[in-house]
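Report on the following structure.
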Amino acid sequence: QVQLVESGGGLVQPGGSLRLSCAASGSILNIADMGWYRQGPGKERELVARIRSDANTNYADSVKGRFTISRDNVKNTEYLQMNSLKPEDTAVYYCNAQLRTYNSGNYYPFWGQGTQVTVSS
């Protein structure tokens, strides 16, 4: 069984920083793309950042220059460093991983449980 466990959310003032982590565990053979999504109040879930297995990244326009995604392939963990946070960044943040287990030959998407990020003074 595969689990993605997130940590690092919380309340921060505008202009502040937070670092999210997402650790994948279980019978994982390998991980392809990893990413972070978010869903704000009354909004649809949107892609925030994605990092491929070759470390290529892409970001939503709204977070470029402020957020940085990274991964540790040994620990099966991804990170999202969020700087210069704005109230509009307030959302539940979900991690995602496209991975293959020892029991399957295909890659499937797995999701974390979500972590709340609130940016407010």
Side-chain angles (χ1 to χ4, degrees):
Q1 187 174 358
V2 173
Q3 278 191 315
L4 271 62
V5 179
E6 299 152 354
S7 60
L11 173 64
V12 64
Q13 292 187 342
S17 298
L18 283 175
R19 188 190 194 212
L20 305 183
S21 300
C22 174
S25 62
S27 56
I28 298 169
L29 184 57
N30 56 4
I31 302 176
D33 293 359
M34 304 185 83
W36 288 94
Y37 292 71
R38 68 185 181 187
Q39 187 165 15
K43 298 181 180 179
E44 294 186 354
R45 189 175 298 190
E46 62 175 355
L47 174 67
V48 176
R50 178 165 50 211
I51 183 167
R52 302 193 183 281
S53 56
D54 61 3
N56 281 331
T57 59
N58 61 285
Y59 297 89
D61 288 342
S62 59
V63 307
K64 282 180 181 176
R66 299 188 298 122
F67 290 11
T68 302
I69 189 171
S70 60
R71 62 190 286 173
D72 183 328
N73 292 327
V74 174
K75 296 181 179 179
N76 286 339
T77 299
E78 63 172 320
Y79 306 94
L80 185 69
Q81 178 66 42
M82 304 185 293
N83 298 329
S84 302
L85 282 161
K86 304 175 181 180
E88 51 263 43
D89 295 317
T90 295
V92 178
Y93 284 71
Y94 299 90
C95 65
N96 169 273
Q98 302 283 331
L99 61 87
R100 187 169 56 174
T101 69
Y102 286 99
N103 297 324
S104 80
N106 297 319
Y107 287 88
Y108 293 96
F110 288 83
W111 292 89
Q113 79 284 0
T115 186
Q116 178 69 46
V117 171
T118 302
V119 185
S120 176
S121 55

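These figures come from a predicted structure and were not determined experimentally.
In this structure, Tyr93 and Phe67 have tilted ring planes: the angle between them lies in the 30° to 60° band.
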Decide side chain to side chain contact (heavy atoms under 4.5 Å, CB included) for Asn96 and Gln98; before the verdict, give the C-alpha distance in whole Å, the side-chain angles of both, and the deciding distance to 0.1 Å. CA-CA 7 Å; Asn96 169 273; Gln98 302 283 331; 3.8 Å; yes
Worked check of salt bridge (Lys or Arg N to Asp or Glu O under 4.0 Å) between Lys86 and Asp89: CA-CA 5 Å; Lys86 304 175 181 180; Asp89 295 317; over 6 Å; no
Worked check of side chain to side chain contact (heavy atoms under 4.5 Å, CB included) between Glu46 and Arg38: CA-CA 5 Å; Glu46 62 175 355; Arg38 68 185 181 187; 2.7 Å; yes
Dump the intermediate steps for side chain to side chain contact (heavy atoms under 4.5 Å, CB included) on Leu20 and Glu6, then the final yes or no. CA-CA 7 Å; Leu20 305 183; Glu6 299 152 354; over 6 Å; no
Intermediate values then yes/no, side chain to side chain donor-acceptor pair (under 3.5 Å), Tyr107 and Asn30: CA-CA 9 Å; Tyr107 287 88; Asn30 56 4; 3.1 Å; yes
Give the intermediate values and the outcome of side chain to side chain contact (heavy atoms under 4.5 Å, CB included) for residues Ile31 and Asn73. CA-CA 8 Å; Ile31 302 176; Asn73 292 327; over 6 Å; no
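Summarising the geometry of Ser121 relative to Pro14, their closest heavy-atom pair is N-CD, 3.7 Å, with the distance given to 0.1 Å. Pairing each heavy atom of Ser17 with each of Asn83, the nearest pair is OG-OD1, 2.9 Å. The two residues Gln116 and Val92 make their nearest non-hydrogen contact at OE1-CG2, 3.2 Å. Nearest approach of Thr90 to Val119, heavy atoms of both residues: OG1-N, 2.9 Å. Contact record, Gly16 with Val12: CA-CG2, 3.8 Å, taken as the closest heavy-atom pair.
Atom CG of residue Leu85 and atom CG of residue Leu18 lie 5.5 Å apart, to the nearest 0.5 angstrom. For the atom pair OG (Ser25) and CD (Gln1), the distance works out to 9.0 Å, reported to the nearest 0.5 Å. For the atom pair CZ of Arg52 and CZ of Arg71, the computed distance is 10.5 Å after rounding to the nearest 0.5 Å. Distance check: Thr77 OG1 to Leu4 CG gives 9.0 Å after rounding to the nearest 0.5 Å. To the nearest 0.5 Å, atoms CG (Leu99) and OG (Ser27) are separated by 9.0 Å. In this structure, OH on Tyr59 lies 7.5 Å from CG on Leu80, to the nearest 0.5 angstrom.
The residue from Gln81, Met82, Glu78 that alone fulfils the side chain to side chain contact (heavy atoms under 4.5 Å, CB included) condition with Ile69 is Glu78.
Under the 4.5 Å side-chain heavy-atom criterion for ILVMFWY residues, a single connected hydrophobic cluster contains both Val117 and Val48.
Inter-residue side-chain proximity for Tyr79 and Asp72 is flagged as met; some heavy-atom pair is nearer than 4.5 Å. Side-chain contact check for Leu47 versus Asn58: some heavy-atom pair is nearer than 4.5 Å. A heavy-atom distance below 4.5 Å is not found between the side chains of Ser7 and Thr115.
In this structure, the side chain of Thr57 does not engage the main chain of Ile51 through any donor-acceptor pair within 3.5 Å. Checked by atom type and distance alone, the side chain of Arg100 never pairs as donor or acceptor with a backbone atom of Leu29 at under 3.5 Å.
Within 6.0 Å of CD on Gln39 lie more than 12 heavy atoms contributed by other residues, nucleotides or ligands. Heavy atoms of other residues, nucleotides or ligands lying less than 6.0 angstrom from CD of Glu88 number more than 12.
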